Amino acid sequence: MKDHKPSGDFSPADENYMREALVEAGKAAAEGEIPIGCVIVRHGEIIARGHNLREQLQDPTAHAEVLAIKEAANQLDSWRLLESTLYVTIEPCPMCAGAIINARIPRLVFGALDPKAGATGSLYNLVEDERFNHRVDVTGGVLADECAGVVREFFVRLRNQG
């Protein structure tokens, strides 16, 4: 299993798209959701966006990645999201990692590690497990401090509100 701790080994385009994912995370925070945001890029164009909506929809699967994957599949009229990159502010959980595999997304870029639920390097590494029929190239740590800070600030505000 590869270690995807922040490396600084990413492109300016990766930073730009991660900033777009941070915009989505901000939308989630404004709606009282855990601020995780996602964008999916294909051929240099954002084809889908998503942010957490679990509370609003009362849907345990309404994670940023799953919502963006659904939107991208609708945009492309295909469940196979080949030639796409998924950018997400926090390392995907097992459900989202599974969705990335099932959507055949070839590349994942995430911001901050999730030591409590991360399934792309922290607790597990589902997306590079050779037992699956599809593996994903992973770049972790893009704007990690900013991505982690958004979540940290959200929970500080939540605790202060009682």
Side-chain angles (χ1 to χ4, degrees), residues 4-42 44-75 81 84-101 103 105 107-127 136-162:
H4 296 294
K5 291 193 171 55
S7 65
D9 189 25
F10 41 83
S11 73
D14 289 339
E15 286 188 11
N16 290 336
Y17 292 125
M18 189 59 71
R19 290 194 192 288
E20 291 294 324
L22 281 163
V23 168
E24 291 299 313
K27 291 177 184 177
E31 295 173 20
E33 300 279 352
I34 295 174
I36 298 174
C38 178
V39 297
I40 298 177
V41 175
R42 186 169 192 252
E45 179 183 336
I46 295 173
I47 61 168
R49 295 173 173 272
H51 58 274
N52 277 3
L53 289 173
R54 288 189 311 172
E55 297 298 331
Q56 186 174 334
L57 299 178
Q58 288 299 297
D59 179 352
T61 69
H63 288 206
E65 300 96 319
V66 171
L67 296 172
I69 287 169
K70 286 180 180 181
E71 182 182 323
N74 285 334
Q75 288 292 323
L81 302 183
S84 298
T85 300
L86 185 145
Y87 292 84
V88 64
T89 55
I90 302 295
E91 178 185 5
C93 72
M95 176 184 68
C96 294
I100 291 165
I101 292 167
I105 295 172
R107 183 166 184 247
L108 161 68
V109 179
F110 70 83
L113 291 166
D114 184 349
K116 293 183 179 180
T120 63
S122 287
L123 296 177
Y124 306 100
N125 193 343
L126 295 179
V127 296
V136 180
D137 180 43
V138 179
T139 301
V142 177
L143 303 180
D145 291 341
E146 288 179 52
C147 293
V150 169
V151 173
R152 193 170 31 255
E153 289 169 16
F154 174 81
F155 283 111
V156 165
R157 275 195 314 274
L158 202 60
R159 281 190 285 280
N160 289 339
Q161 291 174 356

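Note that this is a predicted model, so its numbers are computed, not measured.
- Side chains of Asp14 and Met18 form no contact here, defined as non-hydrogen atoms less than 4.5 Å apart.
- Rounding to the nearest 0.5 angstrom, the gap separating the CD atom in Glu91 from the OG atom in Ser122 is 3.5 Å.
- Side chain of Thr89 to main chain of Gly37: a donor-acceptor pair is present (N/O by atom type, distance under 3.5 Å, no hydrogens or angles).
- Leu57 and Ala62 get closest at one heavy-atom pair: CD1-CB, 4.0 Å.
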query: Yes or no on side chain to side chain contact (heavy atoms under 4.5 Å, CB included) for Val23 and Arg19, after CA distance, side-chain angles and deciding distance?
result: CA-CA 6 Å; Val23 168; Arg19 290 194 192 288; 5.9 Å; no
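- Residues Pro92 and Thr120 approach most closely at CD-OG1, 3.7 Å, considering heavy atoms.
- Partner Thr85 forms a side-chain contact (heavy atoms from CB on, under 4.5 Å) with one of Val39, Val109, Ile40 and no other, that one being Val109.
- Of all heavy-atom pairs between Gly111 and Ala144, the closest is O-CB, 3.6 Å.
- Listed for the Glu33 side chain is a donor-acceptor partner under 3.5 Å among the backbone atoms of Arg54.
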query: Could you go step by step and tell me if Leu67 and His51 meet the side chain to side chain contact (heavy atoms under 4.5 Å, CB included) rule?
result: CA-CA 7 Å; Leu67 296 172; His51 58 274; over 6 Å; no
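- With rounding to the nearest 0.5 angstrom, the OG atom of Ser84 is 11.5 Å from the CD1 atom of Ile100.
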Worked check of side chain to side chain contact (heavy atoms under 4.5 Å, CB included) between Arg42 and Leu81: CA-CA 9 Å; Arg42 186 169 192 252; Leu81 302 183; over 6 Å; no
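- Not a single donor-acceptor pair under 3.5 Å links the side chain of Asn74 to the backbone N or O of Glu71.
- Nearest heavy-atom pair across Gly32 and Phe154 is O-CZ, 3.8 Å.
- Side chain of Tyr17 to backbone of Gly44: a donor-acceptor contact under 3.5 angstrom is found.
- Considering all non-hydrogen atoms of both residues, Cys93 and Ala119 come closest at C-CB, 3.6 Å.
- Distance alone, capped at 3.5 Å, is enough to place a donor-acceptor pair between the Gln58 side chain and the Glu55 backbone.
- Closest heavy-atom contact between Ala112 and Cys147: N-CB, 3.9 Å.
- With hydrogens and angles ignored, the 3.5 Å screen pairs no side-chain donor or acceptor of Asn52 with any backbone N or O of Pro35.
- Looking at Glu65, its side chain never comes within 3.5 Å of a backbone N or O of Cys38 through a donor-acceptor pair.
- Looking at Leu143 and Glu15, their side chains come closer than 4.5 Å, going by heavy atoms from C-beta outward.
- Remark: Asp145 CG is loosely packed, at most 12 non-hydrogen atoms of other residues, nucleotides or ligands lying under 6.0 Å away.
- To the nearest 0.5 angstrom, Lys27 atom NZ is 10.5 Å from Leu53 atom CG.
- Ile90 CD1 to Ile36 CD1: the interatomic distance, rounded to the nearest 0.5 Å, is 5.5 Å.
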